[in-house]
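Numbering starts at 1 and runs along the sequence shown. Atoms within each ligand, like the ligands themselves, are counted from 1 in listed order.
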Amino acid sequence: MQKPGYYGQWGGAFIPEVLYETFKELNAAFTAAKADPAFWQEYVDLMATYSCRATPLTHADNLSRHFGGAQIFIKREDLNHTGAHKANNVMGQGLLVKRMGKKRVIAETGAGQHGVATATMAAKFGLECTIYMGEEDVMRQRPNVFWMEKLGAKVVPVTSGSKTLKDAINEAFRDWVTRMDDTHYVMGTVCGPHPFPEMVAWFQSIIGQEAHQQIIKQFGSLPARVYACVGGGSNAMGIFQGFLDHGEVELIGVEAGGHGIDSGQHAARLASKDASAGVAQGYHTMFLQNDDGQMMDTHSVAAGLDYVGVSPILTDLWQQGKVRFEAATDQEVMEALELTMKREGIIPALESSHAFVQAYKEAGDMEADEAIIINMSGRGDKDIFTVAHAFDDPSWKEFIIKKGAEYAA
Ligand SMILES: *Cc1c(COP(=O)(O)O)cnc(C)c1O
């Protein structure tokens with residue numbers, strides 16, 4: 001029999017002894033909530049009134065004609081409150097925190113998107129909120145730090161190690177050990193020790209439930225393929241769960257190919273040959289690490305995909321051949337983004353654009369009576385600095401220089 005929290009050989013809960021009781025409590029609360037239909041209904045109602053659920057499924061008819069193959073549908077997670085699927089997870093965990101009677105939440109964030117979502121949830125539920133962030137990331141992600149603070153969160157810059165995400169994770173765990181009685185750690189994706197992968201996947205499954213019903217209603221049958229970008233894997237697990245029981249639907253996860261999977265500068269764990277099995281950050285999966293188990297430096301134009309590990313659930317599905325993994329390069333992502341904006345008036349996040357790349361590579365070779373779904377995990381407004389820089393937009397440059405001069409004066 002499979003041990004709880006394991007997916008094949010992957011997953012588990014490698015936690016310090018002192019957190020044992022806290023995890024026991026969390027497991028009990030989550031198991032009870034999952035078995036209680038009233039809890040799921042409360043979650044669905046909250047997401048309907050606070051976060052625009054159900055999010056639409058948009059038929060991209062211009063792009064479908066452009067490629068002359070499959071009918072392209074886009075699941076619009078960008079229309080969530082705070083602009084991405086992250087809202088599904090944090091609001092769900094917020095309801096669980098209320099159920100456990102805790103008063104404070106902590107989280108770690110790299111790009112800052114999960115920090116903003118958590119700070120939003122904490123404000124809505126009246127919880128104290130502390131966000132750990134590497135000092136480097138605090139410097140790079142000032143707009144998100146600004147909003148976290150304005151939403152009432154305390155942002156703690158972490159100065160140890162490389163001053164980035166993995167150091168922030170360590171610091172957040174250190175905090176949790178000292179405040180276990182009143183604090184919940186809000187994990188941002190389907191990674192980390194059990195029960196987090198299962199919990200986050202459960203909250204995100206709302207995407208797949210809706211998408212399944214919507215494609216049947218709008219197209220009349222199941223899609224041939226479903227595409228999602230994969231950082232930790234939460235938006236992908238969210239939509240995939242709506243189709244996993246239907247073997248005829250092919251599921252495709254798209255990782256960050258960065259400068260190319262042969263360049264050593266990417267974050268492709270399962271689509272490259274660079275990752276190996278290991279235990280870190282409380283769980284067992286395929287990590288981008290060197291022979292000594294030290295985590296490698298990853299690269300992606302999309303900060304949300306720039307991560308060394310990947311969900312143990314996805315690693316298992318990949319090993320079983322149930323999810324195909326591909327990688328999209330930074331360059332391809334910019335091209336897909338531009339095409340999507342011009343043809344459909346939709347601005348996908350750089351992360352989401354990875355899924356669009358792979359769908360666009362394949363759509364033209366498919367039949368017009370087949371449908372594909374692209375999970376658009378978030379909106380691209382947040383990426384204006386990166387995108388304007390990549391397009392080398394002269395007017396934008398002028399605008400930034402002028403703004404800078406205003407403050408310097
Ligand atoms: C955070 C983020 C991701 C990556 O996280 P997953 O857990 O892999 O879904 C993808 N897209 C957007 C827009 C994000 O903000």
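Atom 11 (N) of ligand 1 has S377 OG, 2.7 Å as its closest protein atom, hydrogens excluded (heavy atom only). For atom 2 (C) of ligand 1, the closest heavy atom belonging to the protein is K86 NZ, 2.4 Å.
For ligand 1, one of its N or O atoms has an N or O atom of G232 under 3.5 Å away. Ligand 1 has no N or O atom lying under 3.5 Å from any N or O atom of A84, backbone or side chain. When only interatomic distances are considered, the shortest N/O to N/O separation between E351 and ligand 1 does not fall below 3.5 Å. In terms of polar-atom proximity, T189 is counted as a contact of ligand 1, with an N or O under 3.5 Å from an N or O of the ligand.
Counting heavy atoms closer than 4.0 Å to ligand 1, residue H85 contributes side-chain atoms (C-beta onward) but none from N, CA, C or O.
Listed by number with element, the atoms of ligand 1 under 4.0 angstrom from any heavy atom of S234 are 6 (P), 7 (O), 8 (O), 9 (O). The ligand atoms of ligand 1 that sit less than 4.0 angstrom from a heavy atom of G231 are 8 (O). When each atom of ligand 1 is checked for a heavy atom of G304 under 4.0 Å away, the hits are 4 (C). Interface of C229 with ligand 1, defined as ligand atoms under 4.0 Å from a residue heavy atom, comprises 10 (C). Against a heavy-atom cut-off of under 4.0 Å, G233 is close to the following atoms of ligand 1: 6 (P), 7 (O), 8 (O). Close approach to G378 involves these atoms of ligand 1, each under 4.0 Å from a residue heavy atom: 13 (C).
In this structure, H259 and H299 have parallel ring planes: the angle between them is below the 30° cut-off, well short of the 60° mark. Classified by interplanar angle (parallel below 30°, tilted 30° to 60°, perpendicular above 60°), the ring pair F73/F219 is perpendicular. Between Y360 and F356, the angle of the ring planes goes over 60°, which puts this pair in the perpendicular group of the 30/60° scheme. Taking the six-membered ring where tryptophan is involved, the planes of Y43 and F203 are tilted, since the angle between them lies from 30° to 60°.
In this structure, E128 pairs ionically with R104, as a charged nitrogen and a carboxylate oxygen lie closer than 4.0 Å. One finds a salt bridge joining K75 and E210 here, because a Lys/Arg side-chain nitrogen approaches an Asp/Glu carboxylate oxygen to under 4.0 Å. Residues K397 and D392 are paired through a salt bridge, judged by an N-O separation under 4.0 Å between the basic side chain and the carboxylate. A salt bridge is defined here as a Lys NZ or Arg NE, NH1 or NH2 lying under 4.0 Å from an Asp or Glu carboxylate O, and K86 with E351 fails to meet this definition.
Taking every heavy atom of both residues into account, C129 and A119 meet most closely at SG-CA, 4.0 Å.
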